[in-house]
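To keep things clear, I will list the structure first and then write my remarks on it.
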Amino acid sequence: MNQARTRVPAAAIAGLIEDALITVGLPAPDAAKVAELMTEADLTGADAHGVFRLPQYVRRLKAGGVNAKPAIQVTKTAPATALVDGDNGMGHLVMARAAETAIELARDTGVAWVGARRSNHAGAAGVYAALPLVQNMIGIYSVVASANHMAMWGGAETLLGTNPLAVAIPAGEETPVVLDMATTVVSYGTVKNYRLQGKAMPEGWMVSRDDGGPLTDPQKSADGLLLPIGGYKGSGLALVLGLLAGTLNGAAFGRDVIDFNYDDEHPCDNGHFIIALDIARFLPLAAFTAEIDRHVRDLRNSQRLPGVEAIRLPGGERYARRDDRVANGVPMLPELIAQLDKLAGEVGVKSLQQR
């Protein structure tokens, strides 16, 4: 049975995030940028990657695990490549700079690959893949997750993260195609959300590290392994994305990854990459987006299996959901609101209900 959720205005969510981050040392412009990107995750439906993460971010900033005032540096390494040193700042700030750099380079070269290191958790992958869309570019993003919750296929040690992949492709009259997926069956943020609600997880999400049997109690998730999508293929995908986002950038991977769920004091050294691709270097933009529209409609309207109400495409509901949440507020669980009200009291800012 689904719990009743309260609709909270996006402005109230962004205001809480911004005010809370300022109290723990972020300059106001940086706090506003982080709030914008976190709220975008909530608006587009990545509920485990928006304001849900605020208490953890505040805790790590207070403990010194994240640098509140980083000197982020961008080094252009070739006409189409660059490396961003995040100086252990908020991942949202690091990735905003990386995406901006990738778009700028791709205007000149047609395609750009920008890596980042010495960063932190940045929230929903789809938010960053979608940033090049406004410049009529394709965006591709990945990151080494901020904790390891998966083993290599057949293993029992948590040496791989949920290492997500996000791809955003513009369309014409249709909404953009935006794929945002973890390489595990679910993200660990979803597990944490179930823990917050006291709900049992379905079988098939996690298995016990001791005997490989199903693990459904989110309170015991530290004793389990998240399962990869597609069996060995999913763990292979997590591996190569981790090597590209982590090792290629001189960032943490494998045993070097710091679990930010249990360690608030040490830098995570997250690695990311973002690719921006200028469509006009391949096809006229209008011709490309018209073809995307045609294929999207063809796929969506194709014959369905018995019992299937609708064929859903990646990103198909993203923009309708965003419009709804902008107009009517973000649906939030009472447990999360209570947690955020407690945080607001601790840092001395207005609660959601006071905004």
Side-chain angles (χ1 to χ4, degrees), residues 38 41 44-50 52-53 56-57 60 91-92 95 116 119-129 140-167 178-196 201-209 214-216 218 220-249 251-263 268-274 314:
M38 288 177 65
T44 52
D47 296 337
H49 292 290
F52 175 83
R53 298 281 182 168
Q56 184 177 23
Y57 293 159
R60 283 186 54 78
H92 309 72
M95 278 315 304
S119 182
N120 283 284
H121 190 271
V127 168
Y128 302 103
I140 304 174
Y141 168 81
S142 188
V143 60
V144 177
S146 299
N148 288 335
H149 296 291
M150 179 167 59
M152 200 63 207
W153 186 248
E157 290 189 77
T158 50
L159 296 177
L160 294 175
T162 56
N163 303 353
L165 174 65
V167 181
V178 182
L179 173 71
D180 180 354
M181 67 175 204
T183 47
T184 47
V185 176
V186 293
S187 72
Y188 194 68
T190 303
V191 174
K192 294 171 75 172
N193 212 342
Y194 269 62
R195 185 193 306 159
L196 177 66
M201 301 181 295
E203 289 191 12
W205 284 13
M206 298 193 81
V207 294
S208 167
R209 279 191 282 181
L215 192 156
T216 59
K220 298 180 180 178
S221 60
D223 301 324
L225 301 167
L226 280 173
L227 290 172
I229 55 170
Y232 67 89
K233 296 179 182 179
S235 68
L237 183 57
L239 167 64
V240 297
L241 290 173
L243 294 174
L244 292 173
T247 307
L248 183 61
N249 296 321
F253 174 71
R255 293 189 192 279
D256 301 330
V257 169
I258 298 291
D259 188 339
F260 83 146
N261 296 296
Y262 299 100
D263 186 335
C268 287
D269 190 16
N270 285 99
H272 321 243
F273 71 79
I274 186 165

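Being a predicted model, the structure only gives us computed values, none of them experimental.
- The distance from atom CG of Leu165 to atom CE of Met181, rounded to the nearest 0.5 Å, is 5.0 Å.
- Contact of the Val191 side chain with the Met201 side chain is registered, since non-hydrogen atoms from C-beta on lie closer than 4.5 Å.
- Side-chain N or O atoms of Asn249 include one that pairs as donor or acceptor with a backbone N or O of Ala245 at under 3.5 Å.
- Ring orientation note: the planes of Tyr57 and His92 are nearly perpendicular, at an angle over 60° on the 30°/60° scale.
- Side chain of Gln56 to main chain of Phe260: a donor-acceptor pair is present (N/O by atom type, distance under 3.5 Å, no hydrogens or angles).
- For the pair Asn270 (side chain) and Val144 (backbone), a donor-acceptor distance under 3.5 Å is present.
- Between Pro164 and Leu241, the shortest heavy-atom distance links the atoms O-CD1, 4.0 Å.
- Donor-acceptor pairing under 3.5 Å is lacking for the side chains of His149 and Thr184.
- Side-chain atoms of Tyr188 and Ser146 include no donor-acceptor pair closer than 3.5 Å.
- Closest of all the heavy-atom pairs between Gly161 and Ala145 is CA-CB, 4.0 Å.
- Here the shortest heavy-atom pairing between Met206 and Gly224 reads CE-C, 3.7 Å.
- Here the closest non-hydrogen pair linking Ala151 and Ala156 is CB-N, 4.1 Å.
- What you find for Asn261 and Ala147 is that their closest heavy atoms are ND2-CB, 3.7 Å.
- Here the OH-NE2 distance, from Tyr128 to His272, works out to 8.0 Å after rounding to the nearest 0.5 Å.
- Between the Arg53 side chain and the Ala122 main chain, no donor and acceptor come within less than 3.5 Å of each other.
- Not a single donor-acceptor pair under 3.5 Å links the side chain of Asp269 to the backbone N or O of Ala251.
- Within the 4.5 Å cutoff, the side chain of Arg60 has no heavy atoms near those of the His121 side chain.
- Here the OG atom belonging to Ser208 is positioned 8.0 Å from the CG atom belonging to Leu225, to the nearest 0.5 angstrom.
- For the pair Thr162 (side chain) and Thr183 (backbone), a donor-acceptor distance under 3.5 Å is absent.
- Residues Arg209 and Thr158 meet the side-chain proximity criterion, which asks for heavy atoms closer than 4.5 Å.
- Ring-plane geometry between Trp205 and Tyr194 is classed as perpendicular, the angle between the planes exceeding 60 degrees on a 0 to 90 degree scale with a lower cut at 30.
- No donor-acceptor distance shorter than 3.5 angstrom exists from the side chain of Asn148 to the backbone of Asp259, with no hydrogens or angles considered.
- A distance of 9.0 Å separates OG in Ser235 from CG in Leu237, rounded to the nearest 0.5 Å.
- What you find for Gly231 and Pro228 is that their closest heavy atoms are O-CG, 3.2 Å.
- Here CZ of Phe52 is found 8.5 Å from OG1 of Thr190. Values are rounded to the nearest 0.5 Å.
- Separation of atoms CZ (Phe253) and CG (Leu248) is listed at 12.5 Å; rounding is to 0.5 Å.
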